[in-house]
Amino acid sequence: MIYTVTCNPSVDYIIDVEKFVPGIVNRSSSESVYPGGKGINVSIVLKNLGLDNTALGFVAGFTGDYIENELKNKGISTDFIEVEEGFSRINVKLRSEQESEINGSGPGFSEAHIKKLYDKLDKIKDGDILILSGSIPSQMPETLYSDICEYMKEKDIMIVVDATKDLLMNVLKFHPFLIKPNNHELGEIYGVTLKTREEVIPYAKKLQEEGAKNVLISMAGEGAVLIAQDGSVYQSEAPKGKLVNSVGAGDSMVAGFVAGYLFCDGDCGEAFKYGLSTGSASAFTEWLATKEQVEKVKGGLNL
């Protein structure tokens with residue numbers, strides 16, 4: 001079984017306004033609402049690709065109910081922890097001549113809630129996959145992901161981490177199966193600016209030297225780079241297509257890589273193709289890619 005963890009899921013409310021003017025009443029030309037959060041996105045894309053998974057994390061209030069119901073409607077198993085006070089955050093994206101975002105803070109969390117997360121993790125068995133994605137609320141310890149890796153180290157599982165800065169760096173000593181920063185996040189770690197795939201490669205290798213087995217770097221329109229566990233380097237420019245929505249593209253790449261690895265008997269080269277295709281397919285659509293969209297993009301790859 002594949003498990004995803006989203007510590008602070010959201011309801012993503014996207015509003016299109018033809019010409020937004022501050023200080024007056026504006027009316028939308030279109031609106032859409034989706035369940036959000038990096039791990040949630042991974043769960044949805046995995047399911048779209050035909051892989052059952054269970055979404056873990058924390059939900060609260062009427063927005064939490066919406067998130068859980070939407071996932072269940074898509075056939076995704078959920079095992080969320082309910083937070084008694086507040087409500088799951090609402091993230092607003094206003095699309096007009098410029099894009100603006102307001103992200104909510106979410107409910108309050110306690111030690112008891114975190115303890116319940118570990119109780120859920122006890123259900124994970126040898127051979128399972130655990131995906132830790134996104135930032136964590138300020139009330140949670142900054143070591144949460146590394147604490148989880150420590151807690152799970154006696155089990156034979158594959159751990160995937162998509163996070164930034166210390167939240168990512170602290171897990172490397174536990175040799176996660178896959179990490180996926182983007183080129184900007186990689187540059188922040190080492191205090192450099194990385195614009196090209198060739199510039200990314202030596203720094204991605206540094207992350208592998210520090211403990212990660214596979215290092216996948218997403219680079220938006222520049223494509224991606226993979227430093228595989230056996231030392232192989234894969235890189236490619238992004239597939240051609242019209243950018244519609246970049247939200248969730250990196251999460252889709254994670255889901256695609258995991259799916260490709262499982263579909264192709266552990267072939268990291270094929271997993272890289274699936275990851276790149278899935279991330280791009282999501283970028284070319286209004287929300288998250290379907291299997292048909294991924295296969296169409298993958299069919300046009302020339303790697």
**Q.** Heavy-atom check, side chain of V161 versus side chain of L168, under 4.5 Å
**A.** yes
**Q.** Residue pair Y274, F257: steps toward the ring-ring contact (aromatic ring centres under 6.0 Å, His included) verdict
**A.** CA-CA 6 Å; Y274 265 98; F257 185 93; over 10 Å; no
(Q) Regarding E99 and K93, does a basic nitrogen lie under 4.0 Å from an acidic carboxylate oxygen? (A) yes
Q: Go through the steps to decide whether M219 and V200 satisfy the test side-chain contact (heavy atoms from CB on, under 4.5 Å), and finish with yes or no.
A: CA-CA 9 Å; M219 301 184 67; V200 157; 3.7 Å; yes
Q | Sidechain-backbone polar pair: S146 side chain, T143 backbone, donor-acceptor under 3.5 Å | A | yes
Q | 4.5 Å side-chain heavy-atom contact, M169 and I189 | A | yes
**Q.** Rounded distance (nearest 0.5 Å) linking atom CD1 of I44 with atom CG of L288
**A.** 5.5 Å
Q.
Can you tell me how the ring of H113 sits relative to the ring of F109, calling it parallel under 30°, perpendicular over 60° and tilted otherwise?
A. perpendicular
**Q.** Interatomic spacing from OG in S277 to NZ in K296 - rounded to 0.5 Å
**A.** 13.0 Å
Q: May I have all residue pairs that pass ring pair (Phe, Tyr, Trp, His ring centres under 6.0 Å) and include part of residues 185-233, sequence neighbours excluded?
A: Y190-Y203
Q: Measure across K180 and D162 and return the closest heavy-atom pair with its distance rounded to 0.1 Å.
A: O-OD1, 2.9 Å
Q) Which heavy atom in E222 sits nearest to a heavy atom in R197, and how many Å separate them? A) O-NH1, 2.6 Å
Q. Hey, are E270 and K298 close enough for a salt bridge, meaning a charged N less than 4.0 Å from a carboxylate O?
A. yes
Q: Could you walk me through whether I90 and T63 pass the side-chain contact (heavy atoms from CB on, under 4.5 Å) test, one step at a time?
A: CA-CA 8 Å; I90 300 173; T63 45; 3.8 Å; yes
Q | Residue pair C7 / P137, side-chain heavy-atom distance below 4.5 Å | A | yes
Q: Check whether any side-chain heavy atom of T4 sits under 4.5 Å from a side-chain heavy atom of I40, and report yes or no.
A: no
(Q) If you compare all heavy atoms of G256 against all heavy atoms of L49, which two are closest, and at what distance to 0.1 Å? (A) CA-CD1, 4.1 Å
Q. Going by the ring pair (Phe, Tyr, Trp, His ring centres under 6.0 Å) test, which pairs reach into residues 134-175, not counting sequence neighbours?
A. Y118-Y151
Q. With distance as the sole test, does D12 use its side chain to make a donor-acceptor pair with the main-chain N or O of P35 at under 3.5 Å?
A. no
**Q.** With sequence neighbours excluded, residues passing side chain to side chain contact (heavy atoms under 4.5 Å, CB included) with N214
**A.** F177, L178, L226, A228, Q229, C268
(Q) Donor-acceptor check, side chain of D126 to backbone of D156, threshold 3.5 angstrom: yes or no? (A) yes
Q. So, do P181 and I179 sit near enough that their side-chain heavy atoms are less than 4.5 Å apart?
A. yes
Q: Walk me through it: do E295 and E292 pass the test side-chain contact (heavy atoms from CB on, under 4.5 Å)?
A: CA-CA 5 Å; E295 293 295 343; E292 291 74 21; 5.9 Å; no
Q) Looking at side-chain heavy atoms only, is the closest gap between E188 and T164 below 4.5 Å? A) no
Q) Which is it for D16 and S28 under the side chain to side chain donor-acceptor pair (under 3.5 Å) test, yes or no, and what are the steps along the way? A) CA-CA 5 Å; D16 291 294; S28 66; over 6 Å; no
Q. What distance separates E185 CD from L194 CG, expressed to the nearest 0.5 Å?
A. 11.5 Å
Q) Which atoms form the tightest heavy-atom contact between T278 and A289, and what is the distance? A) O-CB, 4.2 Å
Q. Parallel, tilted or perpendicular for F62 and F87, by the 30°/60° rule?
A. tilted
Q | Shortest non-hydrogen contact between R89 and G104, atoms and distance | A | CD-O, 3.4 Å
Q) With the 4.5 Å side-chain cut-off for hydrophobic clustering, are L276 and L51 part of the same group? A) yes
(Q) Check this for me, if you would: do K206 and E209 make a salt bridge, where the nitrogen-to-carboxylate-oxygen distance has to be below 4.0 angstrom? (A) no
Q: Spell out, yes or no, whether V11 and V59 are grouped together once hydrophobic residues are joined by side-chain heavy atoms under 4.5 Å, including indirect joins.
A: yes
Q: Would you mind checking if K47 and D52 are paired as a salt bridge, meaning a charged N to carboxylate O distance below 4.0 Å?
A: yes
With a 3.5 Å cut-off and sequence neighbours excluded, list the donor-acceptor pairs that the side chains of residues 64-76 form with protein atoms.
| residue | atom | partner | partner atom | Å |
| --- | --- | --- | --- | --- |
| Y66 | OH | V33 | O | 3.2 |
| E68 | OE2 | T78 | OG1 | 3.0 |
| N69 | ND2 | D65 | O | 3.1 |
| N73 | ND2 | N69 | O | 3.2 |

Q. Would a 4.5 Å heavy-atom cut-off, applied to side chains only, mark M152 and I157 as touching?
A. yes
Q. Sub-3.5 Å donor-acceptor pair from the side chain of Q208 to the main-chain atoms of K213, do we have one?
A. yes
Q.
Between V294 and K291, is there a side-chain heavy-atom distance shorter than 4.5 Å?
A. no
Q. Are the aromatic ring centres of F58 and F80 under 6.0 angstrom apart?
A. no
N/O donor-acceptor pairs under 3.5 Å from side chains in residues 243-254, not counting sequence neighbours:
| residue | atom | partner | partner atom | Å |
| --- | --- | --- | --- | --- |
| N245 | OD1 | V247 | N | 3.3 |
| N245 | ND2 | E286 | O | 3.0 |
| D251 | OD1 | K38 | NZ | 2.6 |
| D251 | OD2 | N41 | ND2 | 2.8 |
| S252 | OG | G248 | O | 2.7 |
| S252 | OG | S282 | OG | 2.7 |

Q: For T6 and P9, indicate whether the former's side chain and the latter's backbone hold a donor-acceptor pair under 3.5 Å.
A: no
Q | N48 and T290: CA distance, side-chain angles, deciding distance, side chain to side chain donor-acceptor pair (under 3.5 Å) verdict | A | CA-CA 5 Å; N48 287 352; T290 64; over 6 Å; no
Got a list of side-chain donor-acceptor pairs under 3.5 Å for residues 127-136, not counting sequence neighbours?
| residue | atom | partner | partner atom | Å |
| --- | --- | --- | --- | --- |
| D128 | OD1 | M1 | N | 2.8 |
| D128 | OD2 | K125 | N | 2.8 |

Q.
For D79 versus K120, what's the shortest heavy-atom pair and its separation?
A. OD1-NZ, 2.8 Å
Q: In sequence, state the C-alpha distance, the side-chain angles, and the governing distance for F272 and S236, and then conclude on side-chain contact (heavy atoms from CB on, under 4.5 Å).
A: CA-CA 9 Å; F272 178 69; S236 174; 4.0 Å; yes
Q: Spell out, as yes or no, whether a donor-acceptor pair under 3.5 Å connects the side chain of S77 to the backbone of T54.
A: no
